[in-house]
Amino acid sequence: AQKITQTQPGMFVQEKEAVTLDCTYDTSDPSYGLFWYKQPSSGEMIFLIYQGSYDQQNATEGRYSLNFQKARKSANLVISASQLGDSAMYFCAIGNSGGYQKVTFGTGTKLQVIP
Amino acid sequence: SAVISQKPSRDICQRGTSLTIQCQVDSQVTMMFWYRQQPGQSLTLIATANQGSEATYESGFVIDKFPISRPNLTFSTLTVSNMSPEDSSIYLCSVTPGPPDTGELFFGEGSRLTVL
C-alpha cells in the first residue's frame, strides 16, 4: 500500500517569497512516481510536477521544483517567487512508475499568498 | 496531454435520485479513473474503468451505488445512485495519456454535486 502524508494543513507566504510544502511518503514498490497537483477554489486539479523514483536529479518546472530525498522518503514542493495566483490547495500524490495504476493523494496543504 | 470534459459541472439533486456524470476525452486512453472529493477532503479513487470490461472498484465503493460505463476509448459515465447528502462531493474523471508514461493523471474540471 502507498501512503502520502502532508503535515501542513495551511501555509502563508508573502508575495514574491519562496515557500516549501512538505510531503512524505511510504511505499513498498521499488519503482514509483511522485506528483504535485494544484487545486484552485474552482475545483479543477492542475498537474504541476513529477519525480520518478529513479530520477537522479530533482524535477523542476518553471517556478516549481521538487526537493526529492529518497532516503528520507520526502518529496517537498518548492514554489519560488510566489504570486497571488498561487493561492490554492496543493496535493502531493504517489503512483506506480509506468502509470496505469492507482494514484494515492495526500490530504493537501492550503497555501495563501499575502500581498 | 489530454483535454477532458465533464458534464454536468455542477448540480443540485434531491435525496433518493440518481445522477449520471459524463466524461469525454479528446484522445483514446486505455484507463479512465473516477475520483471523489468530499468537502474539505482529499481525492479518493472510486473505480478504474477499462473499455470492454467491468470497472474495478476500490474498497468502500460498490457497483450498485456507483455504476460505471465505458463504451469506448474516449468516453465514460459514472452514476451516483439513490443519492443522500453524504454523496455531496466533487466527482472527478481522470486519465493517464500515452507514453512516455509517467503515470501523470490529467483531470476533468470536476462535477460538483450537492444533495439536499
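All chains are named by letter (A, B, ...) in the order of the sequence lines, taking the proteins before the strands, and each is independently numbered beginning at 1. All values below were derived from every heavy atom in this structure, side-chain atoms included, with hydrogens, water molecules and symmetry-related copies excluded.
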Part of E58(B) lying under 4.5 Å from any heavy atom of chain A: side chain

In this structure, are over 12 heavy atoms from other groups packed under 6.0 Å from K16(A) atom NZ? no

Toward chain B, the part of S42(A) with a non-hydrogen atom under 4.5 Å: backbone

Do M45(A) and E109(B) have side chains that get closer than 4.5 Å, going by heavy atoms? no

Tell me, which pairs form a ring-ring contact (aromatic ring centres under 6.0 Å, His included) where one or both residues lie in residues 45-88 of chain B, sequence neighbours left out? F61(B)-F66(B)

Ring-plane angle category for Y35(B) and F105(A), please: parallel below 30°, perpendicular beyond 60°, tilted otherwise. perpendicular

Establish whether V25(B) and L73(B) are linked, either directly or via other cluster members, by ILVMFWY side-chain heavy-atom contacts under 4.5 Å. no

Under 4.5 Å heavy-atom distance to chain B, tell me which part of Q39(A) shows up: side chain, backbone, both or neither. side chain

Could you tabulate the donor-acceptor pairs under 3.5 Å formed by side-chain atoms of residues 76-93 of chain A, not counting sequence neighbours?
from: N76(A); atom 1: OD1; to: C23(A); atom 2: N; distance (Å): 2.9
from: S80(A); atom 1: OG; to: R63(A); atom 2: O; distance (Å): 3.3
from: S82(A); atom 1: OG; to: E17(A); atom 2: O; distance (Å): 2.7
from: Q83(A); atom 1: OE1; to: R63(A); atom 2: NH2; distance (Å): 3.4
from: D86(A); atom 1: OD1; to: R63(A); atom 2: NH2; distance (Å): 2.8
from: D86(A); atom 1: OD2; to: R63(A); atom 2: NH1; distance (Å): 2.9
from: D86(A); atom 1: OD2; to: R63(A); atom 2: NH2; distance (Å): 3.3
from: D86(A); atom 1: OD2; to: Q83(A); atom 2: N; distance (Å): 2.7
from: S87(A); atom 1: OG; to: L84(A); atom 2: O; distance (Å): 3.2
from: S87(A); atom 1: OG; to: V113(A); atom 2: N; distance (Å): 2.9
from: Y90(A); atom 1: OH; to: D86(A); atom 2: O; distance (Å): 2.5

For the hydrophobic clusters of this structure (ILVMFWY residues joined by side-chain heavy atoms under 4.5 Å, transitively), does one cluster hold both M31(B) and F107(B)? yes

Between L43(B) and chain A, with a heavy-atom cut-off of 4.5 Å, which part of the residue counts as in contact: side chain, backbone, both or neither? both

Ignoring hydrogens and geometry, is there a side-chain-to-backbone donor-acceptor pair from T107(A) to S42(B) under 3.5 Å? no

Rounded to the nearest 0.5 Å, what separation is found between the OH atom of Y37(A) and the OG atom of S94(B)? 7.5 Å

Around K65(B), counting heavy atoms of other residues, nucleotides and ligands shown, do more than 12 lie under 6.0 Å from its NZ? yes

